[in-house]
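Notes follow once the structure below has been shown.
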Number of protein chains: 2
Amino acid sequence: MTETTQDLLTVGQVAETFAVTVRTLHHYDEIGLLTPRERSYAGYRLYTASDLERLATIVVYRRLGFGLEEIAELLAGEGDLVEHLRRQRAAVTTRLTELRELVTALDHALEAEMGNRPATTEELKDLFGDGFDESYAAEAQERWGDTPAWTQSQARTATYIKADWESVKAEMDAVNAAFVAALESGEPPTSAAAMDAAEAHRRHINDRFYDVSYSMHQGLGEMYVTDARFTQTYEDLAPGLAAYVKAAIDANAARQQ
Amino acid sequence: MTETTQDLLTVGQVAETFAVTVRTLHHYDEIGLLTPRERSYAGYRLYTASDLERLATIVVYRRLGFGLEEIAELLAGEGDLVEHLRRQRAAVTTRLTELRELVTALDHALEAEMGNRPATTEELKDLFGDGFDESYAAEAQERWGDTPAWTQSQARTATYIKADWESVKAEMDAVNAAFVAALESGEPPTSAAAMDAAEAHRRHINDRFYDVSYSMHQGLGEMYVTDARFTQTYEDLAPGLAAYVKAAIDANAARQQ
DNA sequence: GCTTGACCCTCACGCGACGTCAGCCCGCAG
DNA sequence: CTGCGGGCTGACGTCGCGTGAGGGTCAAGC
């Protein structure tokens, strides 16, 4: 049944038995993880039964994803196997969720590439109204095209599909509604409600478009009262809202120490 | 709002804006993936707006898990993005299932390590009867301990927990039942039914214990009629079964061309 | 004008587990 | 004696940077 060649196997035979490559066995020898007890006079590696046992354990641990050094520890009796198993499990599950997120990101990108992204500005106009026309986009490019924030924003929104823009719009509407509510209930821009709305505003831009520090946020607030187009947008929602928003943003920025 | 330093950003600024390290930018420069258009007279890298745009795209692709070389291709306009996305998705999902299997393997190993593996031979005796006692195991070790097959078998069964052994027993019973049915219905060992049972037998050992080629399988069949203990086991199931099994194994081996 | 500290530069090795030559040796069959 | 199928030992390549080492640059404060 066994070819009893003195019970010593050469690398090739061992490699085939355990479904690993010869190079792998060489490597294990190099790093001292598995050194065959014997060598033929010609220098051939000869594996004994105990070597095979050790290799069997190594192969099992490798399938469990352990590193070679870690395996060496375990074989030396140092370290608790159960603890290593737990750590490994934790690491693998972490990687699993990362990969799952990657898949959804890829699906997202695929959808976007397949033509699900808003055709030019058509659908965006439907969503955001006529204030969002080509001339606006062109001017924005003109004014901010060379800022990092604009670049970042372009990179992120490039993969937004219609559903994303709908979420963006919903969030934006919610923030505006919060501002209007605070204003109309007579609360000052320094009230918690107004400042919370300002913070929500900052987060919205930060999450959806580009990183916004508190000072950058104040820059935006300033613009809302100095740039006629932005002022108009806010005034259409409620009289005095543009200035109110700016003040709330300033108060919120001051609130952060 | 923007610090307009001639619209040229240094590595540090760019790195912070895109949440990458300076080293990464150096690396992209080294491999020619992103070479800043300009350098200061002191040799400082100066990134222009178009450099930032390119970097933005690179960062997005990186998040999607593409390799740098692949990204270079895409940026050069070679290769279809959608196709790359699909390939990437396929690769990631493959890796996902691998990792899922790894987790179950780890859970398995954990269960086994936590004491769920059969205490010595107690539970095995319950399952397999008294034929499975220590003297048997010792003798097996004695006879086959130095064969690769034995080593492989030990490595695999070492992580078997009670549930695994129950599955093993169920499979074994099913195979034996098939042999008995074929024998008692008067079909010859060369019948399809008998040969199929032999093949199931080989697969069972192959999957649960160690790799079994057809010739090795015939070696086992031979042993069933020459080793009294094995013969007895089969004869207890049905008179003449040991010889019948051997013949079926030989027929099945011959069937494979 | 000088020092300080924060940045920037260019090498160049390290990582993890082998894959992949290259150049050479051994043993056995014809 | 000559192949041919192994086995041997270097040693470099992989992938995307991390991490020093050793040394300039620049704006600010003294």
Side-chain angles (χ1 to χ4, degrees), chain A residues 3 5-6 8-47 51 55 58-75 84 87-88 91-92 95 98 102, chain B residues 3 5-6 8-47 51 55 58-75 88 91-92 95 98 102:
Chain A
E3 56 271 27
T5 54
Q6 196 63 12
L8 296 177
L9 302 187
T10 63
V11 265
Q13 298 170 301
V14 174
E16 198 174 0
T17 305
F18 287 87
V20 299
T21 68
V22 171
R23 178 67 179 99
T24 297
L25 293 175
H26 283 177
H27 185 59
Y28 291 171
D29 193 0
E30 274 172 30
I31 65 173
L33 178 60
L34 177 66
T35 306
R37 303 286 142 204
E38 300 196 35
R39 290 277 187 137
S40 78
Y41 100 98
Y44 285 22
R45 274 166 256 262
L46 297 175
Y47 292 81
D51 291 332
L55 177 55
I58 292 173
V59 168
V60 169
Y61 285 163
R62 276 259 66 199
R63 275 195 210 139
L64 294 179
F66 288 126
L68 298 185
E69 203 163 345
E70 209 170 355
I71 294 177
E73 267 183 44
L74 288 171
L75 285 173
H84 278 78
R87 269 215 301 276
Q88 180 68 5
V92 174
R95 185 88 186 104
E98 285 174 11
L102 219 183
Chain B
E3 55 271 27
T5 55
Q6 196 65 10
L8 296 176
L9 302 186
T10 62
V11 265
Q13 298 171 301
V14 174
E16 198 174 359
T17 305
F18 287 86
V20 299
T21 68
V22 171
R23 179 66 178 99
T24 298
L25 294 174
H26 283 177
H27 185 58
Y28 292 171
D29 192 359
E30 274 172 32
I31 65 173
L33 177 59
L34 177 66
T35 306
R37 303 286 142 205
E38 300 196 33
R39 290 276 187 138
S40 77
Y41 100 97
Y44 285 22
R45 275 166 255 260
L46 297 175
Y47 292 81
D51 291 332
L55 177 55
I58 292 172
V59 168
V60 169
Y61 285 164
R62 275 259 68 196
R63 276 197 209 134
L64 293 179
F66 288 127
L68 298 184
E69 203 163 345
E70 208 170 356
I71 294 176
E73 268 182 42
L74 287 170
L75 285 173
Q88 179 69 4
V92 174
R95 185 85 185 109
E98 285 174 12
L102 219 184

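These numbers come from a predicted model, not from an experiment. So that the names make sense, note that chain A is the first sequence line, chain B the second, and so on, each numbered from 1.
- Between A/Ile58 and A/Phe18, every side-chain heavy-atom pair lies at or beyond the 4.5 Å cut-off.
- Put simply, CD on B/Gln13 is 14 Å from P on D/dC26, counting in whole angstrom units.
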Using a cutoff of under 3.5 Å, can you pull out all pairs of nitrogen or oxygen atoms linking the protein to nucleotides 22-24 of chain D, with atom names and distances?
residue: D/dG24; atom: N2; partner: B/Tyr44; partner atom: OH; Å: 3.1

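- Around the CD atom of A/Glu69, the shell of radius 6.0 Å holds no more than 12 heavy atoms that belong to other residues, nucleotides or ligands.
- Considering all non-hydrogen atoms of both residues, B/Ala15 and B/Thr21 come closest at CB-C, 4.0 Å.
- Checking the phosphate oxygens (OP1, OP2) of C/dC26, no side-chain nitrogen or oxygen of A/Tyr41 falls inside 4.0 Å.
- Distance from the side chain of A/His27 is smallest for C/dA17 among the nucleotides D/dG7, D/dC17, C/dA17.
- Distance OH (A/Tyr61) to P (C/dA17): 16 Å, rounded to an integer number of Å.
- Not one N or O on the side chain of B/Glu16 forms a donor-acceptor pair closer than 3.5 Å with the backbone of B/Gln13.
- Of the side-chain N and O atoms in B/Arg62, none sit less than 4.0 angstrom from OP1 or OP2 of D/dC15.
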Check: protein-nucleotides 12-14 of chain C nitrogen or oxygen pairs below 3.5 Å:
none

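- B/Arg45 places none of its side-chain heavy atoms less than 4.5 Å from the side chain of B/Thr35.
- Note that the CG atom of B/Leu102 and the CZ atom of A/Arg63 stand 11.0 Å from one another [nearest 0.5 Å].
- Counting to the nearest Å, the C1' atom of D/dC17 and the CD1 atom of B/Ile71 are 13 Å from each other.
- Atom CG in B/Leu46 sits roughly 13 Å away from atom C1' in C/dC9 (whole-Å rounding).
- The phosphate of D/dC17 has neither OP1 nor OP2 within less than 4.0 Å of any side-chain N or O from B/His26.
- Remark on the helix from C/dG1-D/dC30 to C/dG30-D/dC1: inter-end axis angle 30°, axes from five-pair C1' superpositions, rounded to 10°.
- By the 4.0 Å N-to-carboxylate-O rule, B/Asp29 lies close enough to B/Arg39 to be salt-bridged with it.
- The side chain of B/Thr24 lies closest to D/dG18 when the candidates are C/dG27, D/dC8, D/dG18.
- Nearest heavy atoms, A/Leu64 versus A/Gln88: O-NE2, 3.2 Å.
- A/Leu34 approaches A/Asp51 most closely through the heavy-atom pair CD1-O, 3.7 Å.
- Across the interface with DNA chain D, nearest-nucleotide mapping of B/Ser40 and B/Gly67 shows B/Gly67 to be the residue nearer the 5′ end.
- Listed nucleotides: D/dC17, C/dC9, C/dC8. Nearest to the side chain of B/Tyr28: D/dC17.
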> Could you go step by step and tell me if A/Leu46 and A/Thr10 meet the side-chain contact (heavy atoms from CB on, under 4.5 Å) rule?
Replying inline: CA-CA 5 Å; A/Leu46 297 175; A/Thr10 63; 4.1 Å; yes
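- A close approach under 4.0 Å does occur between a side-chain nitrogen or oxygen of B/Arg39 and OP1 or OP2 of C/dT10.
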